[in-house]
Amino acid sequence: MYIDSFQFPGVDAEEQFVNYIRRSCYRSFYPFGVFAENMLEALSFSEITILYGNNGSGKSTALNLISEKINAERDTLFNRTSFFGDYLKMCSFEMTPGKNPEEIRIITSDDVFDFMLNLRALNEGVDRKREQVFIEWIENKNSTFRMKSLDDYDKLKKILEARSKTQSKYVRDEIGSNVITHSNGESALQYFAEKIKDNGLYLLDEPENSLSPQRQLELLELIQNSARFFGCQFIIATHSPFLLALKGARIYDLDESPVDIKKWTELEGVRTYFEFFEQHRGEFV
């Protein structure tokens, strides 16, 4: 446990600020008003805390506010509105006395997508170079070149190297080990595995994006083990039934007014999955 709680501005404080700026030309006061309807004023954290809710419930907004307030590292920027800073000043948090995380980081879907795109571009670049080296090997293997002076030494060396090695050996030596090409789900999981280190505080915004059910279960195991054995604390925004099943997680239902703590089996989204599969139980043979 590194962070104990986070406090949002109370309803009265929000109303006073909004009434003040209504006199200006602004029509949108985001993030003011996001949590007024469900009366969310504070979050108390456990080792794994989950913010659940439908789109527009404020899950990502809450994570962005917390991450900015506690100076979390992030790889991609997000859209800060005109009043984000004003709202942030009215928020507060409490850290666990005597506990300092080695890293505080927020990981969003944009971070994962950027990583996958960069990895794909890198692989494509290596693949193009590999094709060039294939052609070079064939030309050198079949070359009738004869050395006439010391200036021809490098060329002769390449030819002898091509003749003494198999094509795959020649290519590996020329360009090194190729970056392994993963599927999107494998790449996304690789990103989480690389970013989540020991003794860290991590905020994950809908980490299930780009992950198949099987990969979500692998991410569940990674999060669970990191919290249990490697000193990590997590605050997660998700509506994945797999991640909602994380053992011991404290789940806030942002669809409720006021916001309530629930078991994962009580959540509307999870019940929808359950009822759907229950209706089709006879088709599983």
Side-chain angles (χ1 to χ4, degrees), residues 1-6 43-53 59-60 62-63 66-67 70-76 93 95-116 119 179-253 261-267 269-270 273-274:
M1 289 286 295
Y2 302 109
I3 184 170
D4 286 329
S5 62
F6 189 88
L43 295 170
S44 179
F45 302 115
S46 63
E47 289 181 352
I48 301 175
T49 304
I50 296 179
L51 308 181
Y52 163 85
K59 303 188 303 296
S60 296
L63 276 193
I66 297 169
S67 70
I70 63 178
N71 295 318
E73 294 183 54
R74 66 189 308 148
D75 289 341
T76 56
F93 65 94
M95 300 297 286
T96 306
K99 294 285 187 178
N100 296 311
E102 295 180 9
E103 179 180 57
I104 303 176
R105 174 176 290 276
I106 180 171
I107 301 175
T108 69
S109 297
D110 288 342
D111 299 333
V112 180
F113 289 145
D114 283 352
F115 173 76
M116 290 191 296
L119 189 61
V179 179
I180 300 174
T181 302
H182 298 292
S183 68
N184 284 345
E186 290 172 322
S187 298
L189 196 62
Q190 176 189 345
Y191 183 83
F192 286 109
E194 290 178 358
K195 290 295 182 180
I196 297 174
K197 303 171 184 176
D198 296 358
N199 305 311
L201 170 56
Y202 295 100
L203 291 73
L204 310 182
D205 189 9
E206 298 190 357
E208 67 271 18
N209 289 346
S210 301
L211 295 178
S212 66
Q214 291 86 351
R215 298 300 178 202
Q216 290 182 48
L217 288 173
E218 291 180 41
L219 179 60
L220 177 147
E221 185 175 1
L222 172 64
I223 293 172
Q224 214 151 247
N225 289 339
S226 296
R228 184 177 180 185
F229 301 114
F230 300 107
C232 291
Q233 184 181 7
F234 293 91
I235 306 171
I236 307 169
T238 185
H239 38 66
S240 163
F242 302 100
L243 298 183
L244 289 165
L246 279 160
K247 293 180 180 178
R250 179 177 299 170
I251 303 173
Y252 285 90
D253 185 358
I261 296 176
K262 290 185 177 179
K263 296 178 181 178
W264 74 283
T265 53
E266 298 174 333
L267 300 169
V270 175
Y273 277 106
F274 173 77

So the side chain to side chain donor-acceptor pair (under 3.5 Å) pairs with at least one residue in residues 221-231 (sequence neighbours excluded) are none
Across all chains, not counting sequence neighbours, the side chain to side chain donor-acceptor pair (under 3.5 Å) partners of N209 are S109
Across all chains, not counting sequence neighbours, the salt bridge (charged side-chain N to carboxylate O under 4.0 Å, His left out) partners of E47 are none
* Any L43 side-chain heavy atom under 4.5 Å of L51 side chain -> yes
Correct closest heavy-atom pair for L63 and L204 would be CD1-O, 3.3 Å
Residues at least two apart in sequence or cross-chain that pass side chain to side chain donor-acceptor pair (under 3.5 Å) with D198, listed by chain then number, are none
Hits for side-chain contact (heavy atoms from CB on, under 4.5 Å) against Q214, two or more places apart or cross-chain, chain-then-number order -> S212
Is the shortest heavy-atom distance from the side chain of I107 to the side chain of F192 under 4.5 Å? yes
Heavy-atom closest pair (M95 atom, D4 atom, distance to 0.1 Å) is O-OD2, 3.6 Å
When rounded to the nearest 0.5 Å, the distance separating CD1 of I104 from CZ of R74 is 13.5 Å
Contacts of I261 meeting side-chain contact (heavy atoms from CB on, under 4.5 Å) (sequence neighbours excluded), chain-then-number -> R250, Y252
In this structure, CD1 of I106 is separated from CD1 of I66 (nearest 0.5 Å) by 8.5 Å
Residues passing the side chain to side chain donor-acceptor pair (under 3.5 Å) test with K262, sequence neighbours excluded, are D253, E256
#### Entry: Test item: E103 and E73 side chains (from C-beta on) under 4.5 Å apart, heavy atoms
yes
Can you tell me if D111 uses its side chain to pair, donor with acceptor, with the backbone of T108 under 3.5 Å?
yes
With side chains defined as the heavy atoms from C-beta onward, is the minimum distance between L267 and P241 less than 4.5 Å?
no
Residues passing the salt bridge (charged side-chain N to carboxylate O under 4.0 Å, His left out) test with D75, sequence neighbours excluded, are R105, K195
Rounded to the nearest 0.5 angstrom, the CG-CG distance for L201 and N100 is 11.0 Å
Rounding to 0.5 Å, atoms CG (L211) and CD (E206) come to a distance of 12.0 Å
Here the gap from I223 atom CD1 to L219 atom CG, rounded to the nearest 0.5 Å, amounts to 4.0 Å
Taken to the nearest 0.5 Å, the spacing of T265 OG1 from F274 CZ works out to 10.0 Å
Residues passing the ring-ring contact (aromatic ring centres under 6.0 Å, His included) test with F45, sequence neighbours excluded, are none
Look at the side chain of T96 and the backbone N and O of M1, then say whether any donor-acceptor pair between them is shorter than 3.5 Å.
yes
Pairs of donor and acceptor atoms involving the side chains of residues 230-238, under 3.5 Å and at least two apart or interchain, shall be tabulated with distances.
{"unit_1": "Q233", "atom_1": "OE1", "unit_2": "Y2", "atom_2": "N", "d": "2.6"}
{"unit_1": "Q233", "atom_1": "OE1", "unit_2": "I3", "atom_2": "N", "d": "3.0"}
{"unit_1": "Q233", "atom_1": "NE2", "unit_2": "I3", "atom_2": "O", "d": "3.1"}
{"unit_1": "Q233", "atom_1": "NE2", "unit_2": "S46", "atom_2": "O", "d": "3.1"}
{"unit_1": "T238", "atom_1": "OG1", "unit_2": "E208", "atom_2": "OE1", "d": "2.8"}
{"unit_1": "T238", "atom_1": "OG1", "unit_2": "E208", "atom_2": "OE2", "d": "3.2"}
{"unit_1": "T238", "atom_1": "OG1", "unit_2": "S240", "atom_2": "N", "d": "2.9"}

Y52 meets the side chain to side chain donor-acceptor pair (under 3.5 Å) criterion, sequence neighbours left out, with none
| query | In terms of the angle between their ring planes, are F115 and Y191 parallel, tilted or perpendicular, with boundaries placed at 30° and 60°? | reply | tilted
